[in-house]
Asks: 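Quick one: structure below, then a few questions.
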Amino acid sequence: MIEIGKYNTLTILRDTKVGLFLGNPTEDPDGIHDILLPNKYVPHEFEIGDELAVFVYLDHEERPVATTLEPYILLNEFALLRVNYVNQVGAFMDWGMEKDILVPFKEQARPMEKGKRYLVFLYMDEKTNRLVASSKTNQFLSNENLTVERGEEVDLIVSHITEIGINVIINELHKGLVYKDEVYDDAIRTGDRLRGYIKTIRPDNKIDVSLQKLGYENIEPNAQKILDELKASRGFLRLNDNSHPEDIKTVLKMSKKTFKKAIGSLYKDKLIAIKDDGIYLVSE
């Protein structure tokens with residue numbers, strides 16, 4: 001079946017003046033039988049019967065068409081896109097295709113402005129059978145039936161940032177929160193894709209997320225990070241157990257609690273010396 005809004009691997013059925021017609025020889029009779037790949041996207045060399053990987057969407061006349069252009073977003077996925085223009089219908093966003101994608105006014109979490117970027121979800125409008133996008137992303141997420149568990153490594157998309165912390169989309173399925181006091185990178189922005197770990201699943205299925213590994217697994221990477229920083233700083237860091245949390249965050253991008261665990265591990269392994277003025281790398 002040829003799917004709109006997704007990549008399809010299709011067979012070259014015939015060559016015409018306007019381009020190649022692609023399809024699936026075993027196509028469901030109720031589906032799209034064939035689709036045009038316009039001349040400008042036709043490869044220099046091909047044979048009838050070859051298979052091509054193409055993206056399928058609707059052209060300016062709302063007809064299914066194939067392209068070798070790479071979209072910035074696929075059906076039922078999230079992405080940060082830029083608004084090209086706004087008119088009386090809604091906002092039109094650049095998604096890598098010749099025809100911009102529409103975000104109707106009713107699907108805008110807040111009024112969109114030309115030139116700005118917004119996190120959106122691409123879906124098929126059942127009423128019009130057209131691809132449209134929405135910045136009201138929460139409606140496409142659910143924590144009712146969770147597919148993750150505590151400690152699991154997950155893919156994150158930064159949804160929006162508040163005074164409490166960073167709201168994230170987990171595996172493009174669920175909503176989660178990284179608390180502000182556990183974020184050590186001030187450069188994180190909406191739309192960023194990160195790796196994280198499920199920290200807590202509450203009784204109401206709300207999810208707390210950490211950007212660092214949990215428990216003992218978190219010690220080793222951070223210990224190595226401290227060693228690397230020591231080596232880059234000629235074997236000395238003006239940080240120790242008594243340092244202010246903000247000083248530790250500024251230098252190492254980690255919490256004081258994590259720092260203390262890491263230097264405790266390094267001290268136990270006799271890799272560092274902890275003194276009143278800071279920590280020293282022990283010469284090998």
Asks: What heavy-atom pair brings P43 and L37 nearest, and what distance separates the two atoms?
Replies: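 Looking at all heavy atoms of both residues, the closest pair is CD-CD2, 4.4 Å.
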Asks: Mind running side-chain contact (heavy atoms from CB on, under 4.5 Å) on K231 and L281 for me, showing each step along the way?
Replies: CA-CA 8 Å; K231 292 175 182 177; L281 183 65; 3.8 Å; yes
Asks: Of all residues at least two apart in sequence or in a different chain, which pass the side-chain hydrogen bond (donor to acceptor under 3.5 Å, both in side chains) check with K199?
Replies: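 side-chain hydrogen bond (donor to acceptor under 3.5 Å, both in side chains) check on K199 returns E182.
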Asks: Begin from the C-alpha positions of Q139 and S134 and carry the test side-chain hydrogen bond (donor to acceptor under 3.5 Å, both in side chains) through to its verdict.
Replies: CA-CA 9 Å; Q139 65 181 308; S134 172; 3.3 Å; yes
Asks: Give me the atom names and distance for the closest heavy-atom approach of K17 to N39.
Replies: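 Between these two residues, the closest heavy atoms are O-ND2, 2.6 Å.
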Asks: Just do the side-chain contact (heavy atoms from CB on, under 4.5 Å) check on K249 and D186 with the steps written out, would you?
Replies: CA-CA 10 Å; K249 178 181 176 180; D186 296 331; 4.0 Å; yes
Asks: Which residues pass the side chain to side chain contact (heavy atoms under 4.5 Å, CB included) test with V183, not counting sequence neighbours?
Replies: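 Per chain and number, V183 pairs via side chain to side chain contact (heavy atoms under 4.5 Å, CB included) with I166, V178, I188.
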Asks: Do I157 and E172 come within less than 4.5 Å of each other through their side chains, counting heavy atoms only?
Replies: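 They are in contact (side-chain heavy atoms under 4.5 Å apart), so the answer is yes.
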Asks: Considering the options D247, L239, D241, I248, which one meets the side-chain contact (heavy atoms from CB on, under 4.5 Å) requirement together with K256?
Replies: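 Exactly one pass, corresponding to I248.
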Asks: If hydrophobic clusters are built from ILVMFWY residues whose side chains come within less than 4.5 Å, do V54 and L58 share one?
Replies: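 Same cluster: V54 reaches L58 through Ile, Leu, Val, Met, Phe, Trp or Tyr contacts under 4.5 Å.
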Asks: If hydrophobic clusters are built from ILVMFWY residues whose side chains come within less than 4.5 Å, do V148 and L194 share one?
Replies: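 Yes; tracing contacts between hydrophobic side chains, which count when under 4.5 Å, links both residues.
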Asks: Any salt bridge (charged side-chain N to carboxylate O under 4.0 Å, His left out) pairs touching residues 67-83, not counting sequence neighbours?
Replies: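 Sorted result for residues 67-83: R82-D94.
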Asks: Hey, what do you get for OG (S135) to CD (E107), rounding to the nearest 0.5 Å?
Replies: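 Those atoms lie 8.0 Å apart.
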Asks: Grouping I, L, V, M, F, W and Y whenever their side-chain heavy atoms are under 4.5 Å apart, do I73 and I169 come out in a common cluster?
Replies: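 Different clusters: I73 never reaches I169 through Ile, Leu, Val, Met, Phe, Trp or Tyr contacts under 4.5 Å.
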Asks: For the pair R202 and D208, find out whether any cationic side-chain nitrogen is under 4.0 Å from an anionic carboxylate oxygen.
Replies: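 A salt bridge links R202 with D208.
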Asks: Could you list the donor-acceptor pairs under 3.5 angstrom formed between side-chain atoms of residues 270-280 and any protein atom two or more places apart in sequence or on another chain?
Replies:
{"unit_1": "D277", "atom_1": "OD1", "unit_2": "Y280", "atom_2": "OH", "d": "3.3"}
{"unit_1": "D277", "atom_1": "OD2", "unit_2": "Y280", "atom_2": "OH", "d": "2.6"}

Asks: Who pairs with F46 by ring pair (Phe, Tyr, Trp, His ring centres under 6.0 Å), at least two apart in sequence or on another chain?
Replies: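 Partners of F46 by the ring pair (Phe, Tyr, Trp, His ring centres under 6.0 Å) criterion come out as none, since no residue qualifies.
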Asks: What heavy-atom pair brings M112 and V120 nearest, and what distance separates the two atoms?
Replies: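 Scanning both residues completely, I find the closest heavy atoms to be CE-CG1, 4.0 Å.
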Asks: Hey, any chance L20 and Y41 share a hydrophobic cluster, counting ILVMFWY side chains that come within less than 4.5 Å of each other, even indirectly?
Replies: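 Yes, same cluster.
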Asks: Could you work out, with ring pair (Phe, Tyr, Trp, His ring centres under 6.0 Å) as the rule, every residue matching F121, not counting sequence neighbours?
Replies: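 Applying ring pair (Phe, Tyr, Trp, His ring centres under 6.0 Å) to F121 gives F78, F140.
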Asks: Considering only heavy atoms from C-beta outward, does the side chain of P64 approach that of I2 to under 4.5 Å?
Replies: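 In short, these two side chains do not touch, never coming nearer than 4.5 Å.
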Asks: Report yes if some heavy atom in the side chain of R117 is under 4.5 Å from a heavy atom in the side chain of R189; otherwise report no.
Replies: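 No, side chains not in contact.
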Asks: Counting N and O atoms only, with roles assigned by atom type, does the side chain of E3 sit under 3.5 Å from a partner on the main chain of N8, one being a donor and the other an acceptor?
Replies: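 No; zero donor-acceptor contacts below 3.5 Å.
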Asks: If you count the non-hydrogen atoms of other residues, nucleotides and ligands that lie under 6.0 Å from CG in L146, is the total more than 12?
Replies: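 Correct, the count exceeds 12.
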Asks: Could you state the interatomic distance from CE (M254) to CZ (F259), rounded to the nearest 0.5 Å?
Replies: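 These two atoms lie 8.0 Å from each other.
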Asks: Can you confirm whether F105 sits close enough to V86 that some side-chain heavy atom of one is under 4.5 Å from a side-chain heavy atom of the other?
Replies: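 The answer is yes, as the side chains (C-beta and beyond) meet within the 4.5 Å cut-off.
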Asks: Within the distance-only criterion (no hydrogens, no angle test), does the side chain of K6 pair as donor or acceptor with the backbone N or O of L75 below 3.5 angstrom?
Replies: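 Judged by distance alone, no pair lies under 3.5 Å.
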Asks: So for atom CZ, which belongs to R238, do other residues, nucleotides or ligands contribute more than 12 heavy atoms lying within a distance under 6.0 Å?
Replies: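 Open: at most 12 neighbouring heavy atoms sit under 6.0 Å from CZ of R238.
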Asks: Compare all side-chain heavy atoms of M97 with those of P71 and state whether any distance is below 4.5 angstrom.
Replies: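 A side-chain contact exists here, since the closest heavy-atom pair is under 4.5 Å.
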Asks: With a 6.0 Å cut-off (strictly less than), is the heavy-atom count around OH of Y267, excluding the residue itself, greater than 12?
Replies: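 For Y267, atom OH is not crowded (no more than 12 foreign heavy atoms under 6.0 Å).
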Asks: Let's go through Y85 and D100 carefully: what are the C-alpha distance in whole Å and the side-chain angles of both, what is the deciding distance for side-chain contact (heavy atoms from CB on, under 4.5 Å) to 0.1 Å, and is it a yes or a no?
Replies: CA-CA 9 Å; Y85 65 95; D100 293 335; 3.5 Å; yes
Asks: Taking all heavy atoms of E152 and all of T147, pick out the closest pair and write down the distance.
Replies: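 Of all heavy-atom pairs spanning E152 and T147, the closest is OE1-O, 4.1 Å.
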Asks: Does anything in residues 47-68 form a ring pair (Phe, Tyr, Trp, His ring centres under 6.0 Å)? List the pairs, not counting sequence neighbours.
Replies: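 Those involving residues 47-68 are Y7-F55, F55-W95, Y57-W95.
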Asks: Does R130 offer a backbone N or O that forms a donor-acceptor pair with the side chain of D125 under 3.5 Å?
Replies: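 No: the side chain of D125 does not pair with the backbone of R130.
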Asks: In Å, rounded to the nearest 0.5 Å, how long is the span from CG of L22 to CG of D34?
Replies: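 Here the rounded value is 8.5 Å.
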Asks: Starting at CG of L266, measure out to CD1 of I263 and round the result to the nearest 0.5 Å.
Replies: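 Answer for the CG-CD1 pair, L266 versus I263, is 8.0 Å.
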Asks: Should we say atom CD of E47 is surrounded by more than 12 heavy atoms from elsewhere, each under 6.0 Å from it?
Replies: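 Counting neighbours around CD of E47, 12 or fewer heavy atoms of other residues, nucleotides or ligands fall under 6.0 Å, so no.
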Asks: Determine the sole option in V83, N87, I101 for which the side-chain contact (heavy atoms from CB on, under 4.5 Å) test with F92 is passed.
Replies: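 Only one of V83, N87, I101 forms a side-chain contact (heavy atoms from CB on, under 4.5 Å) with F92, namely N87.
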Asks: Taking atom CG of L74 and atom CG of L131, what is their separation to the nearest 0.5 Å?
Replies: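 With rounding to 0.5 Å, CG (L74) is 10.5 Å from CG (L131).
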Asks: Roughly how far, to the nearest 0.5 Å, is the CG atom of L156 from the CG atom of N167?
Replies: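 If we round to the nearest 0.5 Å, N167:CG and L156:CG are 11.5 Å apart.
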Asks: Checking R110 now: which residues fulfil side-chain hydrogen bond (donor to acceptor under 3.5 Å, both in side chains) with it, not counting sequence neighbours?
Replies: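 With sequence neighbours excluded, R110 shows a side-chain hydrogen bond (donor to acceptor under 3.5 Å, both in side chains) to no residue whatsoever.
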Asks: More than 12 heavy atoms of other residues, nucleotides or ligands under 6.0 Å from CZ of R234: yes or no?
Replies: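 Atom CZ in R234 is not packed in, count stays at 12 or less.
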Asks: Hey, is the main chain of E144 close enough, under 3.5 Å, to the side chain of N205 for a donor-acceptor pair?
Replies: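 Confirmed, N205 side chain pairs with E144 backbone.
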Asks: Would you say that V132 contacts Y123 through its side chain, given a criterion of any heavy-atom pair below 4.5 Å between the two side chains?
Replies: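 Yes; the side chains approach each other to less than 4.5 Å.
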Asks: Locate the shortest heavy-atom distance separating T9 from E51; write the atom from each residue and the value.
Replies: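 Closest approach of T9 to E51: CG2-OE1, 3.7 Å.
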Asks: What residues form a salt bridge (Lys or Arg N to Asp or Glu O under 4.0 Å) with K116, not counting sequence neighbours?
Replies: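 Salt bridge (Lys or Arg N to Asp or Glu O under 4.0 Å) list for K116, sorted by chain: E113.
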Asks: For residues 148-178, pull every pair meeting ring pair (Phe, Tyr, Trp, His ring centres under 6.0 Å), keeping only residues two or more places apart or in separate chains.
Replies: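 Residue pairs passing ring pair (Phe, Tyr, Trp, His ring centres under 6.0 Å), neighbours aside: none found.
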Asks: Going hydrophobic residue to hydrophobic residue with side-chain gaps under 4.5 angstrom, can you get from L36 over to I12?
Replies: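 Result: no, two separate clusters.
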Asks: Check salt bridge (Lys or Arg N to Asp or Glu O under 4.0 Å) between K136 and all other residues, then give those that pass, not counting sequence neighbours.
Replies: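 Counting only residues at least two positions away or on another chain, K136 forms no salt bridge (Lys or Arg N to Asp or Glu O under 4.0 Å).
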Asks: Is there side-chain contact between L252 and E229, with at least one heavy-atom pair below 4.5 Å?
Replies: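 L252 vs E229: side chains touch.
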Asks: Among residues at least two apart in sequence or on other chains, which ones pass salt bridge (Lys or Arg N to Asp or Glu O under 4.0 Å) with E61?
Replies: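 If we apply the salt bridge (Lys or Arg N to Asp or Glu O under 4.0 Å) test to E61, skipping adjacent residues, the hits are R63.
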Asks: For residues Y179 and I164, determine if any side-chain heavy atom of one lies less than 4.5 Å from a side-chain heavy atom of the other.
Replies: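 Yes, side chains in contact.
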Asks: Please give me the minimum heavy-atom distance between I48 and R14, naming the atom from each residue.
Replies: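 It is CD1-CA, 3.8 Å.
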